[in-house]
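Data first, discussion second: the structure below is written as structure tokens.
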Amino acid sequence: MYQIKTYNAIAQAGLDTFTTDYQLNQSDQPDAYLIRSVDLHHQPLPKSLKVIARAGAGVNNVPLEAATANGTAVFNTPGSNANAVKELIIALLIIASRNLMAAANYSAQHTEADVSQRTEHDKTKFNGTELLGKTLAVIGLGHVGSLVANAALGLGMRVIGYDPYLSADAAWNIAKQVQRADSIETAVKNADYVTVHVPKEEDTLNLLGAPELVAMQPQVQLFNYSRGGIVDNGAVLDALKAGRLAHYYTDFGEPRIANHADITVTPHIGGSTIEAEVNGATQAAQTIMTYLETGNVQYAINLPTLNVPFNAAYRFTVIHQNVPNMVSQITQKLAAAGLNIATMANAAKKQTAYTIIDVDDLDHESSQQLIDALNKIPAVNRVRLLINH
């Protein structure tokens, strides 16, 4: 029986589909963690832990190197909160274009008896613009960016997209009216609004910095509802001071951009809707079930994608270092045990590799001996034996 530990009450909304083969929060030696925002960096990972699934896109709260060394697969749930972020961006576009925050603050500060006459006199201070015909640059056209681009088209905006890593599958989700740029500078140079939706990785840190902000036309409005660090906040402050940037909206605050009249910081609410929480928990739960029961991998952070139909009676899965001669060492152990391989697949992701081997005949004694032999290979992190029920 698998033991699943959850760290978030709403995450359990996604566990309704678990069968009686799963128990929640029953053990300090769980097979899986289902998490959202809990920080695991300073928590020891039990050796029993085979999988961590985060109900959300980012995994900066998970110690990836430690998890991989422990033989623990780490998954996120891309796209589960994409609609929530899209709707917030569209709301902010309207708020920005119509000066709604400034107008609401004005009304809150002027509640005297002649408020009607005064507001009639002063309301021209808050004249906005319409989004119809304006240009939106979308940097990153994945789960969120594609939804934002398509929704902006529906508002009558001209949309220019940039994404050098756009997959063929993702491209199908983008309306053909979205114009493609070959660089960030080209995408943003004529934009009235710029929004960024890329994962936080080494090559996306400060993706929008001083050169990109200089390439924008004056008085552009910038949105970062991706991750902190994607936009260089120092460059933003310089651009605001120089009048090149009209306003900056972000979900990721830090002291130097706090209490600035031309910066709006929201408290990391991009994906915070009831629906997104449930979507993420459900997707994470399904990911856990798939991995524990079949060993198949999709949307893993530290393992390669590997989906192999589980038709044989037994399946061995091996997480190991991506070094030469590993497949040969693994198959030699199976041959020594007298096992015939029905199906085998292997893939690698950076320094980590994953091997799936299916066999039809296996007895309990030889299976344990084989698992022990495979675990003795120095570069092996974890071996699992799955039974096809």
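We use all heavy atoms of the structure for the numbers below, so side chains are in, but hydrogens, waters and symmetry mates are not.
Checking side-chain atoms of Thr266 against main-chain N and O of Ile269 turns up no donor-acceptor pair under 3.5 Å. Side-chain atoms of Asn76 do not come within 3.5 Å of backbone N or O of Val59 as any donor-acceptor pair. Judged by distance alone, with hydrogens and angles left aside, the side-chain atoms of Lys134 form a donor-acceptor pair with the main-chain N or O of Glu130 at under 3.5 Å.
The NE2 atom of His197 sits 9.5 Å away from atom CG of Leu141, with the distance rounded to the nearest 0.5 Å. Taking CG from Leu136 and CZ from Arg158, the interatomic distance works out to 11.0 Å, rounded to the nearest 0.5 Å. To the nearest 0.5 Å, atoms CD1 (Ile160) and CG (Asn190) are separated by 6.5 Å. Distance check: Thr250 OG1 to Ile263 CD1 gives 9.0 Å after rounding to the nearest 0.5 Å. Summarising the geometry, atom CD belonging to Glu65 is positioned 10.0 Å from atom CD belonging to Gln351; distances are rounded to the nearest 0.5 Å. Atom CG of Leu131 and atom OG1 of Thr135 lie 11.0 Å apart (nearest 0.5 Å).
You'll find the side chain of Ile288 stays beyond 4.5 Å of the side chain of Phe75, heavy atoms only. Residues Leu306 and Ile356 have side chains in contact (heavy-atom distance under 4.5 Å, counting atoms from C-beta outward). The shortest distance between side-chain heavy atoms of Thr352 and Asn322 does not fall below 4.5 Å. Using a 4.5 Å heavy-atom threshold, the side chains of His247 and Leu222 count as separate.
If you check the side chains of Asn70 and Thr72, you find a donor sitting under 3.5 Å from an acceptor. With no hydrogens or angles considered, a side-chain donor-acceptor pair links Thr355 and Asn346 at under 3.5 Å. Using modelled atom types, one finds no donor on one side chain facing an acceptor on the other under 3.5 Å when comparing Asn279 with Thr282. Side-chain atoms of Thr186 and Ser183 form a donor-acceptor pair, as typed in the model, at a separation below 3.5 Å. No donor-acceptor contact under 3.5 angstrom links the side chains of Thr290 and Asn296, judged on distance only. Of the N and O atoms on the side chains of Tyr165 and Asp203, at least one donor lies less than 3.5 Å from an acceptor on the other residue.
What you find for Asn150 and Ala175 is that their closest heavy atoms are OD1-N, 3.0 Å. Across all their heavy atoms, Ile139 and Ala187 have their closest contact at CD1-CB, 4.0 Å. When all heavy atoms of Gln283 and Thr77 are compared, the pair lying nearest together is NE2-CA, 3.3 Å. The two atoms that bring Ala191 and Ala137 nearest to each other are CB-CB, 3.8 Å, heavy atoms only.
Arg36 and Glu277 are joined by a salt bridge, as a carboxylate oxygen and a charged side-chain nitrogen come within less than 4.0 angstrom of each other.
Of the candidates Ile357, Leu362, Asp360, Leu339 forms a side-chain contact (heavy atoms from CB on, under 4.5 Å) with just one, namely Leu362.
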Exercise for the section: Run the numbers on Ile95 and Met101 for side-chain contact (heavy atoms from CB on, under 4.5 Å), then give the verdict. Expected result: CA-CA 7 Å; Ile95 287 169; Met101 288 187 178; 3.8 Å; yes
Exercise for the section: Carefully, step by step, assess Asp192 and Gln217 under the rule side-chain hydrogen bond (donor to acceptor under 3.5 Å, both in side chains). Expected result: CA-CA 8 Å; Asp192 302 290; Gln217 66 178 355; 3.2 Å; yes
Handout entry: Steps toward side-chain hydrogen bond (donor to acceptor under 3.5 Å, both in side chains) verdict (Asn233, Glu254)
Key = CA-CA 9 Å; Asn233 286 340; Glu254 64 167 314; 2.6 Å; yes
Problem - Derivation and outcome, side-chain hydrogen bond (donor to acceptor under 3.5 Å, both in side chains), residues Thr68 and Asn302 - result: CA-CA 7 Å; Thr68 304; Asn302 62 339; 3.0 Å; yes
Problem - Worked check of side-chain contact (heavy atoms from CB on, under 4.5 Å) between Arg315 and Leu385 - result: CA-CA 6 Å; Arg315 167 168 287 183; Leu385 171 60; over 6 Å; no
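Annotation for Arg98: atom CZ does not count as buried by contact number, only 12 or fewer foreign heavy atoms lying within 6.0 Å. Heavy-atom contacts from other residues, nucleotides or ligands closer than 6.0 Å to NZ of Lys349 number more than 12. The environment of Gln29 atom CD is dense: over 12 non-hydrogen atoms of other residues, nucleotides or ligands sit within 6.0 angstrom.
Relative to the ring axis of Tyr291, Arg384 places its NZ or CZ within 45° and under 6.0 Å from the centre.
The aromatic rings of Tyr249 and Phe223 lie parallel to each other, their planes meeting at an angle below 30°, with 60° marking the opposite boundary.
Under a hydrophobic-cluster definition in which Ile, Leu, Val, Met, Phe, Trp and Tyr are linked whenever side-chain heavy atoms come within less than 4.5 Å, directly or via other members, Tyr193 and Val196 are assigned to different clusters. The cluster map of Ile, Leu, Val, Met, Phe, Trp and Tyr, joined by side-chain heavy atoms under 4.5 Å apart, puts Leu370 and Val318 in the same cluster.
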